[in-house]
Number of protein chains: 2
Amino acid sequence: MSSDAPGFELPLRLFLGFRVLIDDLHAELARQGHPDVRPMHGFVFQAIGAEGTTAAELGRRLGISKQAAGKTVDALERLGYLRREADPGDARRKVVRLTERGLDCLARSARIFDELRARWAEVLGADRLRALEADLRRVTPAEAFRLDIPGWFGGP
Amino acid sequence: MSSDAPGFELPLRLFLGFRVLIDDLHAELARQGHPDVRPMHGFVFQAIGAEGTTAAELGRRLGISKQAAGKTVDALERLGYLRREADPGDARRKVVRLTERGLDCLARSARIFDELRARWAEVLGADRLRALEADLRRVTPAEAFRLDIPGWFGGP
DNA sequence: ACTATTTCGACAACCACGTTGTCGATTCTA
DNA sequence: TAGAATCGACAACGTGGTTGTCGAAATAGT
């Protein structure tokens, strides 16, 4: 059908939707006492989880090198969201854990994402939104989120 | 409803959808003789268009500084996709134009995007895909695509 | 048990991308 | 005509990611 949207609109809208949600999340996060958290940090918190991990494992989960993961941990540690602790059972490992502040940010993010989703549900209708999510699940891989955006987008 | 997806899944799926489409596009583009084009370059070509523009105007269209736009133009010029021409009517301006190769890449991108959309239509059904696009249009702003992804995502 | 391989974390060098600041040259405007 | 705004280029800087190397510590194998 010639009335169909041009193919390039689809990726544009998908990214715009992603960006709007993330921007809204961080605007609200800033209002709630976390003004210095960046979009990528949320994914890092999610990958660390409540139990904590090591830098090397974090790199694997996020699809980046352990060195890059280490740098990110450095930054978040300086901001007070993460803490490195020595592993009693393995002298090589240093377990990265979320601090009180990190856990607070993670919990607030989850709540705000739910609120943003509810707002979309108001606009689109709950059934349409569920259908949208279901459709997206069918065309996207099960892979984890990869954090190599900068290199992926512009990289060599 | 407690059976609803958690709010954080929506942005993840949106980005994953974007990434899958862009990755597939560039895999096919590489097969068709454009292996060195990066995801961001496609948006640059689109912003330049067939008539050409200046670096400053390009920066405005992409939401980045004119200096950043100038750097990108440098890179694409080295790759043979762009050409700088002096403007006869304004000695300050240098018009950036797509070369033969740039136009070829732009045309192939459009065709590949249409094919990828058709593939999604096979999976989801043409009506569901149109509904998905329509829903996305209702929740995304009319703004143009902004190319400041690296800075936006990891930024200062 | 002792050696060989693997893994972890850190350091360094490097590249890509974006930013602000500055500059001379040119064009527009008051 | 004089002053303000624009264009393009250069420099300095910060961030993010990558590869390569290294010593220390754990694990596997003979």
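Quick caveat: nothing in here was measured; it's all calculated off a predicted structure. The analysis underlying the following values was restricted to heavy atoms, covering all of them including side chains, and did not include hydrogens, waters or symmetry mates. Order of the sequence lines fixes the chain letters, A, B, ..., with proteins taken first and strands second; residue numbering starts at 1 for each chain.
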Q: Tell me the interatomic distance from B:I64, atom CD1, to C:dC17, atom C1', rounded to whole angstroms.
A: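 So the CD1-C1' distance, B:I64 to C:dC17, works out to 9 Å.
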Q: Counting side-chain heavy atoms from C-beta on, which of C:dA25, C:dG18, D:dA9 comes nearest to B:D148?
A: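 Of the options given, the side chain of B:D148 lies nearest C:dG18.
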Q: Just wondering, do B:D104 and B:H34 contact through their side chains at under 4.5 Å, heavy atoms?
A: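 A side-chain contact exists here, since the closest heavy-atom pair is under 4.5 Å.
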Q: Give B:T54 one of three labels, base, sugar-phosphate or nothing, depending on what nucleic acid heavy atoms sit under 4.0 Å from its own.
A: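 Sugar-phosphate: the residue B:T54, judged by heavy atoms under 4.0 Å, touches backbone atoms but no base.
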Q: So, B:R13 versus A:T140: side-chain donor-acceptor pair below 3.5 Å or not?
A: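 A donor-acceptor contact under 3.5 Å links the two side chains.
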Q: Rounded to whole Å, please give me the gap between CZ in B:F153 and P in C:dT19.
A: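 These atoms are roughly 17 Å apart.
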Q: Both B:Q67 and B:T72 contact DNA chain C. Taking the nearest nucleotide for each, which residue is further toward the 5' end?
A: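 On the 5' side of the pair lies B:T72.
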Q: Rounded off to whole Å, could you give me the CZ-to-P distance for the B:R38 and C:dC15 pair?
A: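 Value for this atom pair: 17 Å.
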Q: Looking at B:S65, I'd like to know whether one of its side-chain N or O atoms comes within less than 4.0 Å of OP1 or OP2 on C:dT19.
A: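 B:S65 to C:dT19 OP1/OP2: side-chain N or O found under 4.0 Å.
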Q: Round to the nearest Å and state the distance from A:D74 atom CG to C:dC8 atom C1'.
A: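 My rounded result for the distance is 15 Å.
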Q: Classify the nucleic acid contact of A:G70 as base, sugar-phosphate or nothing, counting any heavy atom under 4.0 Å across all strands shown.
A: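 Touches nothing.
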Q: Test your reading of the model: is there a side-chain donor-acceptor pair from A:D114 to the backbone of B:G7, 3.5 Å cut-off?
A: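 Yes, the answer is positive, given that a donor and an acceptor are paired below the 3.5 Å cut-off.
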Q: With a non-hydrogen cut-off below 4.0 angstrom, is A:A68 in contact with a base, only sugar-phosphate, or nothing?
A: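 Base contact.
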Q: Using whole Å, what does the distance between atom P of nucleotide D:dC7 and atom CZ of B:R61 come to?
A: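 So the CZ-P distance, B:R61 to D:dC7, works out to 12 Å.
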Q: Would you mind telling me which residue lines up with the more 5' stretch of DNA chain D, A:D90 or B:V95, judged by nearest nucleotide?
A: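 Result of the comparison: B:V95.
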Q: Nearest of D:dG17, D:dT6, D:dA24 to any side-chain atom of A:M40?
A: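 Nearest to the side-chain atoms of A:M40, counting from C-beta on, is D:dG17.
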Q: Side chains of A:D36 and A:Y81: is there a donor and an acceptor less than 3.5 Å apart?
A: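 Yes, because at least one side-chain N or O of A:D36 sits under 3.5 Å from a partner of the opposite role on A:Y81.
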Q: Considering every strand and a 4.0 Å limit on heavy-atom distances, what is the contact class for A:G154: base, sugar-phosphate, or nothing?
A: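 Sugar-phosphate contact only - A:G154 comes under 4.0 Å of backbone atoms but never of a base.
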Q: Between D:dG8, C:dT26, C:dG9, which nucleotide has the shortest distance from any of its atoms to the side chain of B:R92?
A: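 Selected nucleotide: C:dT26.
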Q: Is the shortest heavy-atom distance from the side chain of A:V20 to the side chain of A:L116 under 4.5 Å?
A: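 Heavy-atom side-chain distance check fails, nothing below 4.5 Å.
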Q: Determine the contact category for A:R84: base if any of its heavy atoms lies under 4.0 Å from a base atom, sugar-phosphate if only primed atoms, P, OP1 or OP2 are that close, otherwise nothing.
A: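 Sugar-phosphate, backbone atoms only, no base.
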Q: Classify the nucleic acid contact of A:L147 as base, sugar-phosphate or nothing, counting any heavy atom under 4.0 Å across all strands shown.
A: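 Sugar-phosphate only.
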Q: Expressed in angstrom and rounded to an integer, what is the separation of A:L58 atom CG from C:dC8 atom P?
A: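 Checked: the CG to P distance equals 12 Å.
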Q: For D:dA9, does either OP1 or OP2 sit under 4.0 Å from a side-chain N or O belonging to B:K71?
A: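 For D:dA9, OP1/OP2 do not have a side-chain N/O of B:K71 under 4.0 Å.
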Q: In whole angstroms, how far is the P atom of C:dC17 from the CZ atom of B:F43?
A: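 The distance from CZ of B:F43 to P of C:dC17 comes to 14 Å, rounded to the nearest Å.
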Q: Using only heavy-atom distances, decide whether a donor-acceptor pair under 3.5 angstrom links the side-chain of A:K66 to the base of C:dG9.
A: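 Checked by distance alone, the answer is yes.
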Q: Choosing from D:dA25, D:dG16, D:dA5, which nucleotide comes nearest the side chain of A:P150?
A: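 Within the option list, the nearest is D:dG16.
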Q: Once you round it to whole Å, what is the distance between P of D:dC7 and CD of B:E57?
A: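 These atoms are roughly 8 Å apart.
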Q: Could you tell me whether B:R19 sits above the aromatic face of A:W152, with NZ or CZ closer than 6.0 angstrom to the six-membered ring centre and within 45 degrees of the axis?
A: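 Ring-cation test returns yes.
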Q: Take A:G151 and A:P88, find for each the nucleotide of DNA chain D with the closest heavy atom, and name the residue whose nucleotide sits nearer the 5' end.
A: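 Of the two residues, A:G151 wins.
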Q: What contact category does A:R60 fall into here, base, sugar-phosphate, or nothing, at under 4.0 angstrom with non-hydrogen atoms?
A: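 It contacts sugar-phosphate atoms only.
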